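Here's the structure we're looking at; comments come further down.
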Amino acid sequence: MRVVVAADNAGVLLKNEVRDLLKTDERVTEVIDLGVDSPDDDRAYPIFGLAAAEKIANGEADRGVLVCGTGIGVAISANKVPGVRATVAHDSYSAERSVKSNNCQIITFGARVIGPELAKKIVTEWLGYTFDPGSPSAAKVAHITEYEQVHAAS
Ligand SMILES: O=C[C@H](O)[C@H](O)COP(=O)(O)O
């Protein structure tokens, strides 16, 4: 599994902790870090939410972990990229359902909301979940995809 990670300056320290964890996980074949690299880099969260989502959309990554102050801004940004589903999930159950119910490729965290140990525990669990395309949830997710396709910019 190839995992893209990114954060703004509010999320960089947590992003780096998650990145380092991912690098030790045998299920992860590649970690793509889009930055920021330092709290001094004040580029805004949409740059990173969109860039990470583009990696998913174009097939360069399978999953993403994004961090900002709340997790909200990077999630909103990532969800603007067609085909990408992202959500903030600060608890185990939401993280599980984000994959199993919603086929989300991206999980986001707020570094001002969640501590690193809980975030890393959730990420470790989250890596183990897969979406079942034969499940009753599939038609619900397909409804979203159909909307995207009908309303795709030409
Ligand atoms: O969702 C936005 C993030 O939390 C970001 O890190 C901080 O954004 P703000 O400076 O607009 O509060």
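Counting convention: from 1, in listed order, for ligands and their atoms alike. None of the values given here were measured: they were computed from a predicted structure.
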Handout entry: side-chain contact (heavy atoms from CB on, under 4.5 Å) partner of Asp33, chosen from Asn16, Val4, Leu22
Key = Asn16
Under 3.5 Å, which donor-acceptor pairs link side chains of residues 133-147 to any protein atom two or more places apart or in another chain?
| residue | atom | partner | partner atom | Å |
| --- | --- | --- | --- | --- |
| Ser135 | OG | Asp132 | O | 2.8 |
| Ser135 | OG | Ser137 | N | 3.3 |
| Thr145 | OG1 | Val141 | O | 3.4 |

Exercise for the section: Please determine if Arg2 and Glu30 form a salt bridge, counting it only when a charged side-chain N lies under 4.0 Å from a carboxylate O. Expected result: no
Problem - Ile32 reachable from Ile56 in the ILVMFWY side-chain graph, under 4.5 Å edges - result: yes
Exercise for the section: Look at Lys121 together with Glu117 and state whether they make a salt bridge at an N to O cut-off of under 4.0 Å. Expected result: no
Fill in the blank from the handout: CD1 (Ile76) and OH (Tyr45) are apart, to the nearest 0.5 Å, by 6.0 Å
Could you pull out the N/O contacts under 3.5 angstrom between ligand 1 and the surrounding protein atoms?
| residue | atom | partner | partner atom | Å |
| --- | --- | --- | --- | --- |
| ligand 1 | 1 (O) | Thr70 | OG1 | 3.4 |
| ligand 1 | 1 (O) | Gly73 | N | 2.9 |
| ligand 1 | 4 (O) | Gly69 | N | 3.1 |
| ligand 1 | 4 (O) | Thr70 | N | 3.0 |
| ligand 1 | 4 (O) | Thr70 | OG1 | 3.3 |
| ligand 1 | 6 (O) | Asp8 | OD2 | 2.6 |
| ligand 1 | 6 (O) | Gly69 | N | 2.8 |

